[in-house]
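Reviewing the structure listed below.
To find a chain, count down the sequence lines: A is the first, B the second, and so on, and within it residues start at 1. Side chains are part of it too, since the values below use all heavy atoms of this structure and drop only hydrogens, waters and symmetry mates. Everything numeric in this text was worked out from a predicted model, so none of it was measured.
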2 protein chains.
Amino acid sequence: MENKPQRMTKQRKIILEELRKLTSHPTADELYEIVRERLPRISLGTVYRNLDVLSENGEVLKLESAGSQKRFDGDVSSHCHVRCVNCGRVGDVMDELPEPEVHSVSAPGFTITHGATEFYGVCDTCRDGDELAAPGAHRTQ
Amino acid sequence: MENKPQRMTKQRKIILEELRKLTSHPTADELYEIVRERLPRISLGTVYRNLDVLSENGEVLKLESAGSQKRFDGDVSSHCHVRCVNCGRVGDVMDELPEPEVHSVSAPGFTITHGATEFYGVCDTCRDGDELAAPGAHRTQ
DNA sequence: CTGGATGCAAAGGTTTTGCACGCTA
DNA sequence: TAGCGTGCAAAACCTTTGCATCCAG
């Protein structure tokens, strides 16, 4: 799970570059749109395949904890995330927090390997009330 | 987000009852199969619709943090979860943990409202190596 | 050269939705 | 009785995959 990818293709290189430029934790198709400006003929499938490979190699983070649509993070260093409960956008938490103590907790039927602290809230775009600016948003209630 | 549902139909009542009986944090279709034993003519769409209503009313928990398929929890009291990184199953952590301190953290562009500690690991079924018993599982590597 | 990677498009899995009818309050 | 809720099926949505071709090493 930490072995380097076999081939560094143009596509893989540019996907990685663009993801690392961003702090926005894009979804696969958001990244696809961005990469497409440099590689107009790239396909969405290629973006998905590369994000898979890169996350298995530990070069990017696949944020499972992000609701329906997966999001990706080019910053692999240990840090916490906030998620907008309205639109799903993910942000970085600036402060360093201690990793949850794994050895002190028990869960029947599970072998716990690690823990994470996650935050929830509302992003500025959603707080300011414009539903249009929140992609795929539908007001909760 | 905390108003009671307008009507307590047979379907809604039984869905809630069955979910509260379980500690397994089922997916919508797992719950559908269970409820179907009591209401053979119920539809999957109804299960989804009711889980939405019930979670908006705070009667059940919708566990967004569960990868591709969503899971639901009939136990609304504050407790932490473990997630199997192999098959996605969710379990309860027995120990009480302090809620992360929200006021001490900052995230640009976000208004943080609450935090949660989440754990990851492997469930017994996956540890024991039988891929067949893990629904939809595919070994990571 | 060779086998991993790509583009394309189709398939797959999960969740949502339109519609006519049913049933709770 | 009014109008929310239901069953059914189709649609929508996100992600994965098969295949012929391409290209990095």
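We find that B:Arg49 and B:Asp52 are not joined by a salt bridge, their nearest charged nitrogen and carboxylate oxygen being 4.0 Å or further apart. Contact check on B:Arg20 versus B:Glu59 returns a salt bridge, with a Lys/Arg side-chain nitrogen under 4.0 Å from an Asp/Glu carboxylate oxygen.
Within the 4.0 angstrom heavy-atom criterion, only backbone atoms of the sugar-phosphate kind lie near A:Arg41; the bases stay farther away. Within the nucleic acid shown, A:Asp29 has no heavy atom closer than 4.0 Å to any nucleic acid atom.
What separates CG of A:Leu16 from C1' of C:dA5 is a distance of 16 Å, to the nearest Å. One can place CD of A:Gln69 at 13 Å from C1' of C:dT15, the figure rounded to the nearest angstrom. In this entry the distance linking CD1 of B:Ile14 with P of D:dG7 reads 11 Å, nearest Å. Straight-line distance from the CZ atom of B:Arg12 to the P atom of C:dT24: 12 Å, rounded to whole Å. A:Lys70 has its NZ atom 13 Å from the C1' atom of D:dC13, to the nearest Å. Counting to the nearest Å, the P atom of C:dT14 and the CD atom of B:Glu30 are 10 Å from each other.
Distance alone, capped at 3.5 Å, is enough to place a donor-acceptor pair between the A:Asp73 side chain and the A:Asp75 backbone. Without hydrogens or angle criteria, A:Arg71 side chain to A:Gly88 main chain gives a donor-acceptor distance under 3.5 Å. Distance alone, capped at 3.5 Å, places no donor-acceptor pair between the B:Ser55 side chain and the B:Val60 backbone. Formation of a donor-acceptor pair under 3.5 Å by the A:Asp95 side chain with backbone atoms of B:Ser106 is found in this model.
When the local axes at the two ends of the helix from C:dC1-D:dG25 to C:dA25-D:dT1 are compared, using 5 base pairs at each end, they differ in direction by 50° after rounding to 10°.
Comparing D:dC8, D:dG5, D:dG25 by their closest approach to the side chain of B:Ser43 singles out D:dC8. Looking at the side chain of A:Thr46, the nearest of the listed nucleotides D:dT6, C:dA5, C:dG7 is C:dG7.
When each of A:Lys10 and B:Lys10 is assigned the nucleotide of DNA chain C with its nearest heavy atom, A:Lys10 is the one assigned upstream, toward the 5' end. Remark on DNA chain D: of its neighbouring residues B:Val47 and A:Tyr48, the 5'-side contact belongs to B:Val47, judged by nearest-heavy-atom nucleotide.
Considering OG1 of B:Thr9 and CG of B:Asn50, their distance stands at 5.5 Å, rounded to 0.5 Å.
On a pure distance criterion of 3.5 Å, no polar donor-acceptor pair joins the side chain of B:Arg7 and the base of D:dG5. Counting atom types as modelled, B:Arg49 pairs no side-chain N or O with a base atom of D:dG5 as donor and acceptor under 3.5 Å.
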